[in-house]
Amino acid sequence: MPIRQLPNHLINQIAAGEVVERPASVVKELLENALDAGSTRIEIDIEQGGSKRIRIRDNGGGIPHEELALALSRHATSKIASLDDLEQVRSLGFRGEALPSIASVSRLILSSRHADAPQGWQLFGDGQEVFDAPEPVAHATGTTVDVVDLFFNIPARRKFLKTEKTEFGHIEDTVRKIALSRFDVSFELNHNQKNTLRLRPAEDRSGAERRIAEICGSAFVEQSVYLDYEAASLRLWGWVGLPTFSRSQADLQYFYVNARHVRDKLISHAVKQAYQDVMYHGRHPAFVLFLELNPQLVDVNAHPTKQEVRFREGRLVHDFLFRTLHQALADIRPGDEMGAPTQLPAQTEDTPHPCPSPSRGEGSKKKHNLIALLINSSISSDCKCRCANRWRLISSCTNL
């Protein structure tokens, strides 16, 4: 066949293959747009795991009437305008691919009212390249994106969707990840007209910890330490789980770079190295960590889904993460872990249970037997860190 230019509709569907993998991908892109618009309240309504309907409403700045159709055009965005902007991206979205890609594989209704407009406007799309003129609609300040019948015009992609429960599980996980990145924003998630998640905005550290407890479980908050360290124009803050709070899988690991959730090999290696002396082989730490640095020092345009980043000074970032976490874990003394509760959720069987504290009447006898055991076993300070069973044994005594 001769070389020819592809039609825009086909280009959008090809791009949708990278951006819109499943309903959770739609939710991720629309939530990022809502946060970039300055929203403080976001509502997500899901029907049938997202295959039938995904509706996201926010109270952000809204889209002007004359820009509604342009918002559904490929590579149209308000977030960057030059190469310099691309090299220091501060927003979550910036490519202008999400909305047109979603509109090309669904029946989409875009409703919005700009903060300075007297009324809202609505635009309909049915997977085609051409859209009708916007119509007036009653709408509060903000934007509503209603995605109906996802992949209706691509039956092959629709067949690859999993069960309703599985797809909604991915959506819920996506909402939780994004909710941890913005404690100041309230989130409400509904599935088939039933509320499954309601997170209030947090104004301080205690409020943030309440949100983390709702998402990661109260046991994580109670068995973690807070850190905040800054050096070499890098800042690392957040919560790291104690060595005794380990997991059989990496299901409680949330790392954010400039409020963007990422999974990066360099970051994973630095965290793993920091925990290697205080954790069983094959176990995984739990953490909610935030790395802040100059946007010019990180490239977020390295992956179609923006899940991976590239650091311009990778060695500096790796060493900073390793040293900070290693020092934070080294400062945790056995007695410090007694501040954590001894009861963990019954379903988390992969989390080691610390020994219960001895009662007042038999405390002296147990301490004496424990000291004798340590002396007879000739445990060195290094061994205490490497032997998890004896480490938890030491943790049960506060006055060795």
Side-chain angles (χ1 to χ4, degrees), residues 32 35 90 92 173-185 199 202 204-247 249-279 283-295 297-298 300 306-311 313-332 336-337 340 351:
E32 289 181 349
L35 292 175
R90 299 180 183 273
L92 295 175
D173 183 59
T174 298
V175 174
R176 292 174 183 271
K177 289 177 181 177
I178 294 181
L180 282 177
S181 69
R182 292 291 300 273
F183 295 111
D184 59 324
V185 179
L199 301 172
D204 51 19
R205 178 176 156 186
S206 61
E209 290 181 347
R210 283 194 297 269
R211 174 171 293 193
I212 293 176
E214 292 185 65
I215 295 176
C216 303
S218 58
F220 169 74
V221 176
E222 294 163 346
Q223 299 202 51
S224 63
V225 294
Y226 178 82
L227 62 88
D228 191 343
Y229 186 78
E230 187 172 359
S233 300
L234 303 173
R235 182 194 177 199
L236 181 68
W237 64 279
W239 294 260
V240 292
L242 299 176
T244 52
F245 189 82
S246 62
R247 314 282 293 180
Q249 55 186 349
D251 58 342
L252 280 183
Q253 297 185 353
Y254 299 93
F255 198 99
Y256 300 85
V257 177
N258 290 344
R260 183 190 305 275
H261 181 267
V262 299
R263 286 192 174 274
D264 186 81
K265 293 181 179 179
L266 182 145
I267 294 172
S268 300
H269 183 268
V271 175
K272 184 178 179 180
Q273 290 293 105
Y275 271 92
Q276 68 175 354
D277 289 338
V278 293
M279 188 169 293
R283 305 291 293 182
H284 300 274
F287 53 82
V288 178
L289 291 172
F290 302 85
L291 176 65
E292 298 177 1
L293 72 166
N294 191 325
L297 301 179
V298 57
V300 298
K306 297 171 288 197
Q307 288 290 311
E308 300 177 6
V309 295
R310 293 176 182 170
F311 297 101
E313 299 181 21
R315 172 55 60 182
L316 173 65
V317 173
H318 181 280
D319 291 347
F320 172 75
L321 295 177
F322 168 74
R323 294 180 183 277
T324 302
L325 293 176
H326 186 271
Q327 183 62 43
L329 295 172
D331 291 341
I332 300 176
D336 295 339
E337 297 183 50
T351 305

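Note that these values count all heavy atoms, side chains included, but never hydrogens, waters or copies made by symmetry. Just so it is clear, the model here is predicted, and its values are computed rather than measured.
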Can you name the residues that form a side chain to side chain donor-acceptor pair (under 3.5 Å) with [X], not counting sequence neighbours?
X	result
N294	none
Q327	D331
K177	D173
R176	E172

key: H261: partners by ring pair (Phe, Tyr, Trp, His ring centres under 6.0 Å), with sequence neighbours left out   =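 H261 satisfies ring pair (Phe, Tyr, Trp, His ring centres under 6.0 Å) with Y256 only.
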Pairs of donor and acceptor atoms involving the side chains of residues 316-324, under 3.5 Å and at least two apart or interchain, shall be tabulated with distances.
residue, atom, partner, partner atom, Å
H318, NE2, H269, ND1, 2.9
D319, OD1, R315, NH1, 3.4
T324, OG1, F320, O, 2.7

key: Residue list, side-chain contact (heavy atoms from CB on, under 4.5 Å) with A259, at least two apart or on another chain   =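 For A259, no residue satisfies side-chain contact (heavy atoms from CB on, under 4.5 Å) once neighbours in sequence are set aside.
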message = So, using side-chain contact (heavy atoms from CB on, under 4.5 Å) as the criterion, who are the partners of V271 when residues are at least two apart?
response =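 Counting only residues at least two positions away or on another chain, V271 forms a side-chain contact (heavy atoms from CB on, under 4.5 Å) with I267, Y275, P285, F287, L325.
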Pairwise distance [atom1]([X]) to [atom2]([Y]) - rounded to 0.5 angstrom:
X	Y	atom1	atom2	answer
S218	Q223	OG	CD	9.5 Å
L252	H284	CG	NE2	11.5 Å
L227	L289	CG	CG	6.0 Å
N258	L291	CG	CG	7.0 Å

Do [X] and [Y] come within less than 4.5 Å of each other through their side chains, counting heavy atoms only?
X	Y	answer
S181	L92	no
F290	D228	no
V257	L293	yes

Side-chain donor-acceptor contacts of residues 206-215 below 3.5 Å, not counting sequence neighbours, with atom names and distances?
residue, atom, partner, partner atom, Å
S206, OG, D204, OD1, 3.0
S206, OG, D204, OD2, 3.4
E209, OE2, R205, NE, 3.3
E209, OE2, W239, NE1, 3.0
R211, NH1, A179, O, 3.0
R211, NH1, R182, O, 2.7
R211, NH1, V185, O, 3.1
R211, NH2, V185, O, 2.6
R211, NH2, R200, O, 2.7

ask   = What salt bridge (Lys or Arg N to Asp or Glu O under 4.0 Å) pairs are there with at least one residue in residues 259-270, not counting sequence neighbours?
value =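 Not a single pair qualifies under salt bridge (Lys or Arg N to Asp or Glu O under 4.0 Å).
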request  = Answer yes or no: are there more than 12 heavy-atom neighbours, outside Y229 itself, under 6.0 Å from its atom OH?
outcome  =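 No, the 6.0 Å shell around OH holds no more than 12 heavy atoms from other groups.
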For E313, all residues meeting salt bridge (charged side-chain N to carboxylate O under 4.0 Å, His left out), sequence neighbours excluded =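 Counting only residues at least two positions away or on another chain, E313 forms no salt bridge (charged side-chain N to carboxylate O under 4.0 Å, His left out).
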